[in-house]
Amino acid sequence: MRIPTLAAVVLLACGPAAAQAPDGALLGGACAGCHGVTGEGGHGIPSIHHTHSRQQFIELMRAFRANERPNTVMGRISRGYTEAEIAALAAHFARAQ
């Protein structure tokens with residue numbers, strides 16, 4: 001049995017309008033438990049708030065997903081996001097270009 005991703009649950013709840021593009025702010029809420037509400041990090045958790053360009057954020061998430069970057073839990077977490085969701089998170093958290 002496949003467990004739906006957060007985005008799938010949001011799509012079911014919001015209908016076809018939400019299917020067009022993932023909401024980075026909504027997805028970013030899942031990051032708040034570790035990285036803080038605004039992504040500022042702390043207590044050994046790195047900041048994800050405006051610290052990377054969008055492309056750097058995407059590359060980091062892909063590296064976590066491929067187990068190419070040492071981490072504690074991000075490898076497992078990153079595998080739960082689609083490419084579109086990662087791009088939306090990058091737009092939400094990344095430093096403006």
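Since this is a predicted model, take the numbers as computed values, not measurements. The figures here come from the full heavy-atom set of this structure, side chains too, leaving out hydrogens, waters and symmetry mates.
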For [X] against [Y], the heavy-atom pair lying closest together:
X   : Y   : value
Y81 : R65 : O-NH1, 3.3 Å
C31 : L89 : SG-CD2, 4.2 Å
H52 : F57 : CB-N, 4.0 Å
F64 : R79 : O-NH1, 4.1 Å
I58 : A90 : CG1-CB, 3.7 Å
P22 : A88 : O-CB, 3.5 Å

| task | State which residues pass side chain to side chain contact (heavy atoms under 4.5 Å, CB included) with A25; sequence neighbours excluded, sorted by chain then number. | result |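 D23, H92.
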| said: Would you say CZ of R76 has more than 12 non-hydrogen atoms from neighbouring residues, nucleotides or ligands within 6.0 angstrom? | reply: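 No, because the 6.0 Å sphere around CZ of R76 holds 12 heavy atoms or fewer from other groups.
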| task | Take M61 and I48 through the side-chain contact (heavy atoms from CB on, under 4.5 Å) test and state the conclusion after the steps. | result | CA-CA 11 Å; M61 289 293 282; I48 56 173; over 6 Å; no
Determine whether a donor-acceptor pair (N or O, by modelled atom type, separation under 3.5 Å) exists between the side chain of [X] and the backbone of [Y].
X   : Y   : value
E40 : T38 : yes
S47 : G42 : no
H50 : A94 : yes

| Applying the 4.5 Å side-chain criterion to the ILVMFWY set and letting contacts propagate, would I45 and V73 be lumped into a single cluster? | no
| message | Please say yes or no: joined through hydrophobic side-chain contacts below 4.5 Å, possibly via intermediate residues, are I86 and I77 part of one cluster? | response |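 Yes, same cluster.
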| Interatomic spacing from CG in L27 to CZ in F93 - rounded to 0.5 Å |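 Going from the CG atom of L27 to the CZ atom of F93 covers 9.5 Å.
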| Just checking, any donor-acceptor pair under 3.5 angstrom between side chains of Q55 and S53? |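 Distance-only check fails for Q55 and S53.
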| said: Set out, in order, the CA-CA distance, both residues' side-chain angles and the distance that settles side-chain contact (heavy atoms from CB on, under 4.5 Å) for E83 and R62, then state yes or no. | reply: CA-CA 9 Å; E83 286 294 317; R62 286 178 178 164; 2.7 Å; yes
